[in-house]
Amino acid sequence: MQPSRVVSMTRRLVIQIRRDHRSVGLLLVVPMIVMGLLGYILRLDRYDLRVGLVSTDQGLPTLAGALSATEALNSRMEDQGGLTIEEFNRAEAEQLLRDGQLDVVLVLPEGLFRSMLDGSEARVEVLVEGSNPSQAEALPAQIGAMLNQAVREFNPTRQGAEIQVETQYLYAGPEYDFLDSFAPVYIAFFAFFFVFLLTGVSFLRERTQGTMERLLATPITRIEIVLGYMLGFGFFALIQSGVILFFTILVLKIRYVGDLALVFLLLGLVAIGAVNLGIFLSTYARTELQVVQFIPIVIVPQALLSGMIVPVDQLPQLLRLAAHLMPLTYANRAMTDVMIRGFGLSGVAGDLAVLLAFAVLALVLSATTLRRQFI
Amino acid sequence: MPGIGRRRRMTPNTPMEYVIETRQLSRHFGPIWAVRQLDLAVQAGEIYGLLGPNGSGKTTLMRILMGLAKADGGEAVVLGHRVPDAALLSAIGYMTQAEALYGDLSAAENVRFFAALLGTNSRAAIDAALELVDLADRANDPVRTLSGGLRRRVSLACALVHRPRLLILDEPTVGVDPQLRASFWEHFRRLRDQGVTFLISSHVMDEADRCDRLGFMRSGRLIAEGSPGELRSRSGATDLEQAFLTLAEAPSAA
């Protein structure tokens, strides 16, 4: 063993990496971006629960005027912190819950006020959206506890049973666990990730091995090349999605409701976008290593912000804006809409349109960069 | 070649005198002229050799003719079409210096793929191309398992599978052993006798003798042109290498 040879090896590597400015940049900048995003997301301020209150309780007349459960509970629950309460009628409240404008709806039954006074039995209904399993499980109990706390504050001398909470789910329900809700977004993520990587590397190889030059010396047009790639890797993306889907359904036995044909349509669009993004970005890479370096830039932020970890509407404004620029945000929402909420084509038409727009944009970008690069 | 510079553009319908004709063709990369005011005329059914050192503009010229690079000035007419013209491409066979093959595909699959893009799906044409380069027995081996020389043969088969009227070959015999080189040239001559035109670049002077006509290129210009014999006698040199060096020194060469 001769140390000088080791030193020569080391020196050569340092020179090489130093010349690859992009690698140096990524080496230093990417960990900060990823850790920053992750830290920001994990330390998100606990945001206020948005509670919709539906009251059918008439209350009782008192000397000071009619007093109802709503009036007695509203401020006392809000004083406990962490939530905002607004009153709606039932239809409105359910719609807002569906739209994600409310986290939970509390339905106060007729006769609740009497129960608060005399300790007689009473049940309140709690509606949750249900597609997020951690919320679906924790929210009713949390609201129930706050309600009973408010009742105790209103009438400390009350005897008898606590007010019972009866939970109803708009979608999914308590039997849906974390895997059930994660599977739809996981499948879309993998379709995107692998197709992007596969296309990026394959396309780069066309250039480095000289076959792109030879292709362009035949009558094939650039758009034909891009479309060929799209069909080829789109096909594999669908096979991959099919395997993951059937594995999760048959072996892991996840629960789902929606139409699988619609799921494949969505995944096809995701794959088309990924193929074209791969082609587009591979023209900015000289080596396969540089294609791989696009992962922390293109894939990781989408994994963090597209709703896989934290629901998009809980993100701070700036990150939410960033999330809305990412195709996976729309793919994840649509996949959840179909598989968990059971939406049909019309229910996810908006997200489908956005995904289609992404795919077309990426197609145009990849075709034009291909044109600019050769000639 | 007197007179060519004054000729006006050809239309595809006029009978062709030249398969390739360039007029004042130029292309520069920054301050460096890869092709400089080049007038080149290649006749139908000849093997025209482009000779010159590395960086003399041979590849750039070929890329312009194939529509893979843009000219900054002048024009080029190939088979009666002004380039770039996508309609031309299926009539030309092009072989780059790089092997430009898919390593995971077999030799036959590579040839079939490029044949299809060039508009030929006939099994017979593919077999004939593989036969021509003497690859029939290794046709089903993945290209990555083939030696360098065999890969050059596959590459050549890909370039001529569609029976083009013009073959533009960029240093087709680099890295090819003398035996195979001889058999390449045998193919070229046979195809030429069938009326195929060749533009072949090389910096191997001993190959130059096999061409019908030669153009010496230096710094993007054609500095001398003629048959190997003419060039030898004009320079008074016994071999073409010496002829090139002599003509490259001369003040007004062509």
Side-chain angles (χ1 to χ4, degrees), chain A residues 194-195 197-237 239-240 275 278-279 282-283 285-292 363-364 366-375, chain B residues 27 59-60 62-72 78 81 83-105 109-111 113-120 143-144 151-152 154-162 164 166-171:
Chain A
F194 281 115
V195 170
L197 208 58
L198 207 59
T199 317
V201 170
S202 308
F203 218 79
L204 181 91
R205 280 208 193 127
E206 293 270 17
R207 275 171 42 226
T208 53
Q209 74 196 359
T211 43
M212 182 55 70
E213 176 104 349
R214 181 164 238 155
L215 284 179
L216 294 178
T218 73
I220 195 169
T221 63
R222 287 152 179 81
I223 199 84
E224 285 167 349
I225 294 174
V226 173
L227 288 176
Y229 260 80
M230 231 169 70
L231 287 182
F233 286 138
F235 172 70
F236 280 109
I239 288 185
Q240 180 203 38
V275 166
I279 293 176
S282 82
T283 56
R286 280 197 320 273
T287 61
E288 290 177 21
L289 176 67
Q290 289 188 337
V291 174
V292 173
L363 180 77
V364 170
S366 64
T368 41
T369 47
L370 198 56
R371 179 165 304 132
R372 205 171 309 132
Q373 213 184 14
F374 292 90
I375 265 200
Chain B
R27 170 69 199 245
T59 298
T60 303
M62 290 178 160
R63 294 190 76 233
I64 292 172
L65 296 177
M66 291 306 299
L68 294 168
K70 267 196 185 120
D72 299 323
V78 175
H81 294 257
V83 297
D85 186 343
L88 265 177
L89 296 174
S90 53
I92 313 177
Y94 177 53
M95 183 172 164
T96 56
Q97 283 178 46
E99 276 148 17
L101 298 168
Y102 298 99
D104 302 327
L105 300 188
E109 285 164 341
N110 269 286
V111 176
F113 173 67
F114 286 108
L117 296 189
L118 290 160
T120 308
V143 160
R144 73 184 134 73
R151 288 186 208 177
R152 300 296 301 176
V154 181
S155 188
L156 181 63
C158 292
L160 45 74
V161 64
H162 57 304
L166 169 63
L167 274 162
I168 294 181
L169 310 176
D170 197 358
E171 309 210 346

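Since this is a predicted model, take the numbers as computed values, not measurements. Proteins come first, then strands; the chains are lettered A, B, ... in the order of their sequence lines, and each starts at number 1.
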Tell me, do Y102(B) and Q209(A) make a side-chain contact under 4.5 Å, heavy atoms counted? yes

Answer with side chain, backbone, both or neither: which region of E224(A) has an atom nearer than 4.5 Å to a non-hydrogen atom of chain B? neither

Side-chain touch E213(A)/M66(B), heavy atoms, less than 4.5 angstrom: no

Kindly give the heavy-atom pair with the smallest separation between L68(B) and L216(A), and that separation in Å. CD2-CB, 3.4 Å

Pairs meeting criterion salt bridge (charged side-chain N to carboxylate O under 4.0 Å, His left out) with involvement of residues 89-99 of chain B, two or more places apart: E99(B)-R151(B)

If I take atom CZ from residue F113(B) and atom OG1 from residue T218(A), how far apart are they, to the nearest 0.5 angstrom? 7.5 Å

Can you say whether A87(B) sits under 4.5 Å from chain A via the side chain, the backbone, both, or neither, judging by heavy atoms? neither

Are the side chains of F114(B) and I220(A) in contact, using a 4.5 Å heavy-atom criterion? no

Of all the heavy-atom pairs spanning A100(B) and G210(A), show the shortest one and how long it is. CB-O, 3.3 Å

Pairwise distance CG(L118(B)) to CZ(R214(A)) - rounded to 0.5 angstrom: 9.0 Å

